[in-house]
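Structure first, then comments.
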Amino acid sequence: MNRRTFLGMCGAGLLAAEAKKPNLVLIYADDIGYGDLSCYGATAVKTPNLDRIAKQGLRFTDAHSSSATCTPSRYSMITGEYAWRRKGTGVLPGDARMIIEPGRFTLPAMLKKAGYTTGVVGKWHLGLGSGNIDWNGEIKPGPLEIGFDSAFLVPATGDRVPCVYVEDHRVVGLDPADPIRVDYTKPIGNEPTGKKNPELLKVHPSHGHDMAIVNGVSRIGYMTGGTKALWVDEDMADVLTGKAVTFLEKNRANPFFLFFSTHDIHVPRVPNRRFAGKTTMGPRGDAIAELDWSVGEVLKKLDALGLAKNTIVMFSSDNGPVVDDGYKDDAVEKLGGHKPAGPHRGGKYSNFEGGTRVPLLLRWPERVKPAVSGALVGQQDFLASFARLAGVPLPGDAGPDSMDVLDALLGKDRKGRGHIVEHARALSYREGDWKMIEPSNGPKLNAATNTELGNAPGAQLYNVATDRGETQDVAAANGERVRAFQEALNKIRTSGRSR
Ligand code: NG6
Ligand code: CA
C-alpha cells in the first residue's frame, strides 16, 4: 500500500505514523489587498514568487481575514475566536499589554502539542507584557507564553514606537546605559517631533504620525533612548527574512511551524533601495516587490533544504488594502489603474468585501493539487483545521469560531463554511452568495484614507457573486432574507460561539 492510499484510508484525520508531519509556514503580509498580486490580476506589479505558490497550489477567491484591521485579525487567527467578542482587541498602541492570555489553546500551542517546533518572526501587534511595560527588562508575557518556542518581533507596527526588535524576552542590541522610554500620551522632554520639526523628516506624514522621529520618519507615540537598538526601516525586510530563513535551517530536522509575519506592505513604506523603482507605483508598489522577494527567499530555502514537498506554505493578509495610510509616499499619485482590492469595494477599515476578502494561497506538493478554489474560509479556521491535520483534539471551549475546513484548505471541498461574520465598524453576515451589513451609524467615508466604509443607518444586502463590487443594495426587496440574516448574526453574537 503506498502512502497516499494509506493517508486516504485514514481520511484527513491523524497523520499516519509512517508519514512525517508536514511543516507549516504561514506567511502573513500586512495590508496586502486582493488585487495586489499578479496571480490575482495585478499588472502594475509582478509577484513571481507568490505566483509560483499559486501555480503549484491553491489560490482561494473567497478567503477572509476576520477583521478589516490588523490586531483583531491576528487575534482571531491565533485563538480561533472572533475578536469582536472581546473588548480591547482593536488596533493596539505599541505599549499595550498582551491581549491573549497565557495558557490559552492557540494555534502555536496546539501545534507544539503535536510535536512541532514553533516560531514567530515579524509583526506582532497583539501587545506584550501585562501593563506598564519596561522595555529595558524582561518583556513578558509574549509569544513564548502562548505557544511559540522562539520569537523575533516588530512589537506593534512599523509606524508605532518603540522602533526596536524584540527577541524572545529582550530588546535586541539594547545598551543598558541608554534605556528606552515610551509614552503614548505626551512628548518626552524636548525631543524633536514630526509636528515641531518637519525639517528633520525624510518621509512626511499625511495624517497622524507626527510624533517621535526615528530614522527620519515620524511615528505614532513618543520614545527616547535605545539609540543603538533602533531598526533601520530600509533593512527591515532583510532582517526579518534572514530570521525566517535561519529558523527553517535550524529546524529542518523536525516538524516546524513558522509564522512569518511581514512588515510589508504596511506604512511607513520604506523598502530597501534594491526595490526602489521596481514598479511605477512608488513605495507602495515597490514594497509589494520587496514582499515577493521575501517570499522567494523562503521558497528557495525550502528547496535547498529538500523540504518543499512536505511543507505547507500559506500566504495571506491581515486586512484589505489602503493607499494613503498616513504618509506622503506617492501611493495615491502613482496608483494609476491598479486596483488594490481587485473587483471589491472598500478596503482596510471597510465593511465592504475589500476590508476582509484577502489573498490566500496554499501549497503542499505532497498532498494538494493545484487549483483555484471559491470555498468560503476564514483565517480563524486555521486552528480547528490544522488541529485535525495534526491529530490534536480541540477542547470544547477552544476556538469558538474556528471551523474545521481542512478539506477546503486542501482543495477537496469547494464549498467551505456555510457562513462567516466579517468585522469592521459594523458586523456583516455572509451566507452563500449573500451578504448583509448591519445598520451602523459610522461615517460613510474615511476621509483621511479615502476609503468607502460601508456604514449606513439601515441594513444593506448584496449578492456578492453577481455584484462583486457591492453596488446594488437589494435589502428593500429582500426583507425576509435580511431579517433571517440579522437573526442568525444575533444568535452568533449572543451564544458566544459559532462552531
Ligand atoms: C491607524 C493608523 C494607520 C495604521 C493603522 C493600523 C493613523 C492616522 N493611522 O490608526 O497608519 O497604523 O492604525 O494598521 O495613525 S493595522 O494594519 O496595524 O491595523
Ligand atoms: Ca494590517
Side-chain angles (χ1 to χ4, degrees), residues 2-8 12 15-29 32 37-40 46-60 63 107-108 111 114-122 149-150 237-238 240-262 264 289-317 359-373 382 385-386 389-390 406-412:
N2 70 28
R3 176 154 149 189
R4 180 150 294 164
T5 13
F6 184 69
L7 285 168
L15 279 161
E18 76 162 302
K20 198 168 164 291
K21 288 183 170 145
N23 307 302
L24 182 57
V25 176
L26 169 56
I27 307 174
Y28 205 48
I32 272 280
L37 312 181
S38 33
C39 52
Y40 280 90
K46 290 262 168 296
T47 53
N49 293 298
L50 286 155
D51 297 0
R52 186 179 148 204
I53 303 179
K55 205 171 141 220
Q56 300 175 342
L58 292 163
R59 180 172 72 83
F60 290 86
L107 181 62
L111 289 165
Y116 281 68
T117 302
T118 56
V120 50
V121 172
D149 293 312
S150 65
D238 285 350
L240 298 181
T241 306
K243 290 286 169 187
V245 161
T246 305
F247 176 92
L248 300 177
E249 252 161 20
K250 251 185 156 164
N251 296 293
R252 65 214 277 177
N254 294 305
F256 56 76
F257 166 47
L258 171 64
F259 174 32
F260 178 23
S261 171
T262 72
D264 280 324
E290 182 174 78
L291 167 70
D292 187 69
W293 168 82
S294 294
V295 171
E297 292 302 293
V298 169
L299 298 181
K300 247 201 272 180
K301 183 52 71 176
L302 291 172
D303 287 338
L305 295 172
L307 296 175
K309 263 184 124 178
N310 198 32
T311 297
I312 299 175
V313 176
M314 288 201 289
F315 174 87
S316 201
S317 176
L360 173 66
L361 306 172
L362 186 149
R363 184 187 82 168
W364 184 11
E366 198 132 287
R367 291 275 298 274
V368 168
K369 286 204 200 74
V372 176
S373 171
F382 295 165
S385 306
F386 291 114
L389 184 69
L406 181 63
D407 292 342
L409 289 175
L410 301 186
K412 287 184 278 181

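Not measured: the values here are computed from a predicted model. When a residue number appears, it is its place in the shown sequence, counting from 1.
Closest approach of Phe257 and Phe247 over heavy atoms only: O-CZ, 3.7 Å. Nearest approach of Ala237 to Trp293, heavy atoms of both residues: O-CZ3, 4.0 Å. Minimum interatomic distance between Lys243 and Val121 (heavy atoms only, all atoms of both residues): CB-CG1, 3.8 Å. The shortest non-hydrogen separation linking Arg363 to Leu299 is NH2-CD2, 3.9 Å.
Between the Asn49 side chain and the Asp292 main chain, a donor and an acceptor come within less than 3.5 Å of each other. Arg59 contributes a side-chain N or O that, together with a main-chain N or O of Cys39, makes up a donor-acceptor pair within less than 3.5 Å. Judged purely by atom type and a 3.5 angstrom limit, Ser38 uses its side chain to pair as donor or acceptor with the backbone of Thr47. A donor-acceptor pair is defined here as one N or O able to donate and one able to accept, closer than 3.5 Å; no such pair exists between the side chain of Thr311 and the backbone of Val313. In this structure, Asn310 contributes its side chain and Lys20 its backbone to a donor-acceptor pair below 3.5 Å. A side-chain donor-acceptor contact under 3.5 Å links Ser317 to the backbone of Ile32.
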With side-chain contact (heavy atoms from CB on, under 4.5 Å) as the criterion, how do Phe382 and Leu26 come out once you've worked through the C-alpha distance, each side chain's angles and the decisive distance to 0.1 Å? CA-CA 10 Å; Phe382 295 165; Leu26 169 56; 4.1 Å; yes
Determine, stepwise, if the pair Phe386 / Ile312 fulfils side-chain contact (heavy atoms from CB on, under 4.5 Å). CA-CA 11 Å; Phe386 291 114; Ile312 299 175; 4.1 Å; yes
Step by step, work out the side-chain contact (heavy atoms from CB on, under 4.5 Å) result for Met314 and Ile27. CA-CA 6 Å; Met314 288 201 289; Ile27 307 174; over 6 Å; no
Apply the test side-chain contact (heavy atoms from CB on, under 4.5 Å) to residues Leu58 and Val372: give CA-CA distance (whole Å), side-chain angles for both, the deciding distance (0.1 Å), then the verdict. CA-CA 6 Å; Leu58 292 163; Val372 176; over 6 Å; no
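Aromatic ring orientation, Tyr28 versus Phe259: tilted (interplanar angle from 30° to 60°).
Remark: Arg52 engages Asp303 in a salt bridge, criterion side-chain N to carboxylate O under 4.0 Å.
Remark: the Ser294 side chain and the Thr262 side chain contain no N/O donor-acceptor pair separated by less than 3.5 Å.
Atoms CG and CG, from Asn251 and Asp149 in turn, are 8.0 Å apart once rounded to the nearest 0.5 Å.
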